Asks: 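Here it is, the structure, as structure tokens.
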Amino acid sequence: MRYEMVIFDNDGVLVDSEPLANAILAGYLTELGHPTTYEDSLRDYMGAAVHRVHDLIGERTGQRLPADFDSILHARTFAAFERELETVPGVTDVLDKLLADAVPYCVASSGSHERIRVGHRKTGLDRWFRDENIFSAEDVGRGKPAPDLFLHAAARMGVAPERCVVVEDSRLGVQAAIAAGMDVYGFTAMTPVDRLPSVRGHFTEMADLLDLLAARD
């Protein structure tokens with residue numbers, strides 16, 4: 001493998017959370033008087049930290065979301081995760097292979113540490129991820145599309161950014177990885193290819209990722 005570390009996004013890459021989370025977010029915003037479809041939520045918020053929701057609603061309407069917006073959104077999302085969340089098919093095979101080959105890996109997510117851990121406990125991914133290889137937008141000043149989170153993860157793991165590869169399924173995440181000087185592969189299981197430009201390659205089945213990572217120029 002030409003890379004020294006693999007950095008995974010979490011939502012939509014490790015856990016199949018995007019359909020659940022975006023349906024809940026769209027419904028809650030609509031309930032609050034900001035009509036939002038599921039497709040709107042995917043377009044505007046997929047891959048972003050929750051502060052982006054506040055920012056866009058403020059820009060578009062001049063209104064602030066309720067002070068308890070984050071806590072209610074998180075409670076509804078976590079409850080859905082506990083009921084329904086599953087891993088992305090094939091991802092545990094990828095993690096097993098990286099572990100067997102002693103290739104360092106981590107997760108760098110726009111979600112909170114609590115959100116990551118809730119999902120990993122429910123799906124069993126906590127077998128592969130511990131505190132030392134979990135990074136959240138909470139750890140840095142700016143979330144994706146800023147490069148801060150990916151650069152923070154690389155620094156903490158002791159790997160130069162140019163020796164890292166990122167696995168992402170969102171436009172904002174791809175922008176962040178490129179800004180960090182990292183190669184990135186776009187996972188297109190639910191994201192159209194044209195929404196993930198400038199990546200090194202696209203793939204729709206997690207089983208194909210290992211071949212991409214092993215390929216030589």
Side-chain angles (χ1 to χ4, degrees), residues 1-18 21 45-52 74 87-88 91-121 123-187 191 196 198-203 206 209-210 212-214:
M1 185 177 294
R2 62 176 176 271
Y3 302 107
E4 295 178 9
M5 183 170 69
V6 182
I7 304 178
F8 292 94
D9 177 41
N10 189 57
D11 293 293
V13 172
L14 295 177
V15 294
D16 193 18
S17 53
E18 294 292 8
Y45 305 120
M46 182 173 167
V50 70
H51 68 75
R52 180 175 171 85
H74 291 158
T87 59
V88 168
V91 78
T92 58
D93 293 333
V94 172
L95 294 171
D96 276 340
K97 178 62 174 173
L98 294 177
L99 196 61
D101 291 347
V103 177
Y105 62 87
C106 66
V107 57
S109 172
S110 292
S112 66
H113 278 285
E114 184 182 9
R115 177 185 175 120
I116 297 167
R117 283 167 171 76
V118 167
H120 287 192
R121 285 196 301 269
T123 59
L125 286 177
D126 52 358
R127 170 184 166 189
W128 289 271
F129 292 92
R130 299 289 189 270
D131 288 349
E132 59 268 20
N133 66 342
I134 295 177
F135 304 100
S136 161
E138 290 181 322
D139 301 332
V140 295
R142 300 180 300 167
K144 305 170 189 178
D148 304 36
L149 176 57
F150 288 133
L151 293 173
H152 171 71
R156 289 288 301 273
M157 297 289 288
V159 180
E162 64 271 19
R163 301 304 303 158
C164 299
V165 62
V166 175
V167 183
E168 267 286 355
D169 71 331
S170 76
R171 175 178 54 85
L172 297 176
V174 167
Q175 291 173 351
I178 292 172
M182 300 176 180
D183 280 352
V184 55
Y185 285 100
F187 183 45
T191 307
L196 301 178
S198 305
V199 300
R200 191 172 184 87
H202 300 91
F203 66 105
M206 194 57 67
L209 177 59
L210 291 172
L212 291 174
L213 295 179

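Predicted, not measured: the structure shown is a model, and the values here were computed from it.
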Asks: First locate atom CZ of Arg171, then atom CE of Met46, and finally report the distance between them rounded to the nearest 0.5 Å.
Replies: 11.0 Å
Asks: Show the nearest heavy-atom pair for residues Ala137 and Ser110, with the distance to one decimal.
Replies: CB-O, 3.6 Å
Asks: Once you round to the nearest 0.5 Å, how far does CZ of Phe203 lie from CG of Leu212?
Replies: 7.0 Å
Asks: Which residues pass the side chain to side chain donor-acceptor pair (under 3.5 Å) test with Asp169, sequence neighbours left out?
Replies: none
Asks: Once you round to the nearest 0.5 Å, how far does CG of Leu213 lie from OH of Tyr105?
Replies: 14.0 Å
Asks: Hey, is the main chain of Ser136 close enough, under 3.5 Å, to the side chain of Ser109 for a donor-acceptor pair?
Replies: no
Asks: Can you confirm whether Asn10 sits close enough to His120 that some side-chain heavy atom of one is under 4.5 Å from a side-chain heavy atom of the other?
Replies: yes
Asks: When you compare the side chain of Pro161 with that of Leu151, does any pair of heavy atoms fall below 4.5 Å?
Replies: yes
Asks: For the atom pair CG (Leu95) and CZ (Arg127), what is the distance rounded to the nearest 0.5 Å?
Replies: 9.5 Å
Asks: Among all residues two or more places apart in sequence or in another chain, which pass the side chain to side chain donor-acceptor pair (under 3.5 Å) test with Asp93?
Replies: none
Asks: Checking side chain to side chain contact (heavy atoms under 4.5 Å, CB included) for the pair Phe8/Leu98: CA distance, chi angles, key distance, verdict?
Replies: CA-CA 12 Å; Phe8 292 94; Leu98 294 177; 3.8 Å; yes
Asks: Under the side chain to side chain donor-acceptor pair (under 3.5 Å) rule, collect the residues that match up with His113, sequence neighbours excluded.
Replies: Arg117, Asp139
Asks: Is there side-chain contact between Val91 and Val13, with at least one heavy-atom pair below 4.5 Å?
Replies: no
Asks: Do Trp128 and Asn133 have side-chain atoms, one donor and one acceptor, less than 3.5 Å apart?
Replies: no
Asks: Run the side chain to side chain contact (heavy atoms under 4.5 Å, CB included) test on Phe135 and Phe150 for me, step by step, so that the C-alpha distance in whole Å, both residues' side-chain angles and the decisive distance to 0.1 Å come before the verdict.
Replies: CA-CA 9 Å; Phe135 304 100; Phe150 288 133; over 6 Å; no
Asks: Distance from Arg121 atom CZ to Ile116 atom CD1, nearest 0.5 Å?
Replies: 11.5 Å
Asks: Would you check, one step at a time, whether the test side chain to side chain contact (heavy atoms under 4.5 Å, CB included) holds for Ile7 with Met157?
Replies: CA-CA 10 Å; Ile7 304 178; Met157 297 289 288; over 6 Å; no
Asks: Could you check if a side-chain atom of Leu210 sits within less than 4.5 angstrom of a side-chain atom of Val94, using non-hydrogen atoms only?
Replies: yes
Asks: Output the distance between atom OH (Tyr185) and atom CG (Leu196), rounded to the nearest 0.5 Å.
Replies: 14.0 Å
